[in-house]
Structure formats: C-alpha cells, structure tokens
Engineer: 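Following this message is one structure expressed as structure tokens.
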Amino acid sequence: MTTDLLERRPEPRPERRIEGVVPISARELRFQRRITLLMTIAPLGAVLWAITALWGRGISATDFWIMTSFYVFTVTGVTVGLHRYFTHKSFRAVQPLRWLLAVAGSMAVEGDVISWVAAHRRHHAYADKAGDPHSPHLIQTPGFKGTLQNLWHAHMGWLFDPEKTDRERWAPDLLKDPMISGISRRFPMLVILTFTLPPLLGLTITGTFHGMWTAFVWGSLVRVFVLHHMTWSINSICHFYGRRPYDTDEESRNVWPLSLLSFGESWHNNHHAFPSSAYLGLEWWQVDFGRYTIRSLQWLGLVRDVRRPTVEQRKAKRSG
Ligand SMILES: [Zn+2]
Ligand SMILES: [Zn+2]
C-alpha cells in the first residue's frame, strides 16, 4: 500500500472543476506523500513499540507530565487557535496571544496555519458535498466496504489526495498578515521543535539518555499520534455516528466520548450549526476545555468579543 501511495500518479479530475481546489504536480505530490507517510507512520511505530516494549512497566511520572503538557499545549493550539480563532474568527485576541496560538497550532504537526485554515474553511463551504476535502459520504461503493473506504478517506486517506486547497481563495486574510505568514513559512522549524523539545526536557530532568529516549517516545511520538487521531476522528466519526440536536444541511454529529481528549471539538453538530461560536459545548454538561480556556483568557483580558449563539438562535435550529 505504501509504495502504491507514493507511485500513484495524480489523476486529473475532469468530472468537475471545484472552485478553490487546485491539482498538484507529480513531483510535489510525491514529496507531500513522503512527508505525510513519515509524520503518520513514525508516531504509529512509537505507539506499537511503547505497547510491546513497555507493557506492564507503565510510564514514568516525568514522561507522563511531559506528554500531558505538550498535548494540552498543542491540542489547545488546534481547537482554540487554528480552528476557533484563525478559521472562524469567533473572538478577538491580543497580538502576543495570536502569536502563541499560531505557534502552538503549528506544533500539532497538522500542516502550517494557513493551509490548515484554508482546508477547514473549504470543509465548511462544501460540507459533505463534492469539494469537501474529508467527507465520509462521497465514495459511492455500496455496503460495508464503501463505509470503510469512506471512513478511511475522511480519517486520513484525504491527506494523500492529489490536490490542494487554494490558499489565496480560502485564506487571503491570513496570507496578508505578516506575522501569520511568517509563522506559516517556519512550519518545518516548528515541527522539528515539537519533536525535539520533549527529549531535551527528558534529558535535562533525568540526566540520562534513557530518559531522553522515553521522553521522545511518549512526549513527541505518542503525543502526536493521539492528537492526530483525535483531530481526524472529528472529520470521520463526527460526520458519521452520533447525535444531531441541531438541523444542519450536512451530516455533522455530536460524539460525547471524544469531547475530553479533543478539548470540545467533538460537539461537531453544535459547531456546524453555529460555526462562528467560540463555544462548541453549548449545554452546561457538554465538556469543552476550549471554552474554559477562552473564558479564562477573557478573564485575563487577553481575549474579547467572544461570539456565541443566543437562546433564540439555538431554539430556531433545534431538530425534532
Ligand atoms: Zn465538519
Ligand atoms: Zn469549523
């Protein structure tokens, strides 16, 4: 499968040209697929290694705290930064916080800020219709095989597609922003940083190379693995299975078990109903760590104009 992914030529899609989507050259595609494979297979390898080699030995307190703090930093960068702030502009933030959110989001290794935002805005524009980069409903194969193909495509298969989202079309505001385009250009450096900081911390705290190695496995690779699959589950599971309290014209769903580790992202039907809301958990019982973070930042005076739907707006969209 690996070789097939790398060798497969980009297929032009003559059926219909979709606005805001551009095909990429064979050379660019090859490079992109290699990088994507490395970024997805290496963390998977680390998880398998951690399961087999460390079974029964658990994780040291040092590694646990390194992994947890880097997870919290980067998942907040994704949900509060890349998603709620940069994509949907659901609140206003002071300049140093904008910088921090862009850096934290980049360190999640899900693409540079501008590409992430462009792909996600395209997802909302075409949600579950032709042109959506990661819908689990567009492959026509019938039966269980079709379901699996669709879920695979929405989860991570789409990352290997021979097309890219036109950044000029979907994120002109960020391209014009010198600070954000600067951080976007430095994405490779931030990827190196996200993988090297945990082992450096492990080495500093334990003073041993073994401590450096286990901090790399847990704090860098396992952390990125969990974060990636959490993000991708929003694209696959949360458009496939779960409750739909609001009437929306796509297949978005709320999946409560994913809300804890996704920091609120899995209240995805709420999100499609009110894309510009800074809060994704809208009921008091819908756990949304992103919401609590934004509230704290607001309390500190770093964030203002936090957008959320009114009771009437929510009533109007209620299903059933
Ligand atoms: Zn969605
Ligand atoms: Zn969104």
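Index from 1, following the sequence. Numbering of ligands and ligand atoms starts at 1, following listing order.
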Engineer: Between the side chains of D63 and S60, does any donor sit under 3.5 Å from an acceptor?
Structural biologist: yes
Engineer: Taking R92 first and then D305, would you say they form a salt bridge - that is, a charged N and a carboxylate O separated by under 4.0 Å?
Structural biologist: yes
Engineer: Checking E110 now: which residues fulfil salt bridge (Lys or Arg N to Asp or Glu O under 4.0 Å) with it, not counting sequence neighbours?
Structural biologist: none
Engineer: What protein N/O/S atoms lie closer than 2.8 Å to the Zn ion (ligand 2)?
Structural biologist: H83 NE2, H88 NE2, H120 NE2, H124 NE2, H271 NE2
Engineer: What residues form a salt bridge (Lys or Arg N to Asp or Glu O under 4.0 Å) with D112, not counting sequence neighbours?
Structural biologist: R167
Engineer: What I want to find out is whether K129 reaches E250 closely enough, with some N-O distance under 4.0 Å, to be called a salt bridge.
Structural biologist: no
Engineer: Could you name each residue pair satisfying salt bridge (charged side-chain N to carboxylate O under 4.0 Å, His left out) that touches residues 176-202, not counting sequence neighbours?
Structural biologist: R98-D177
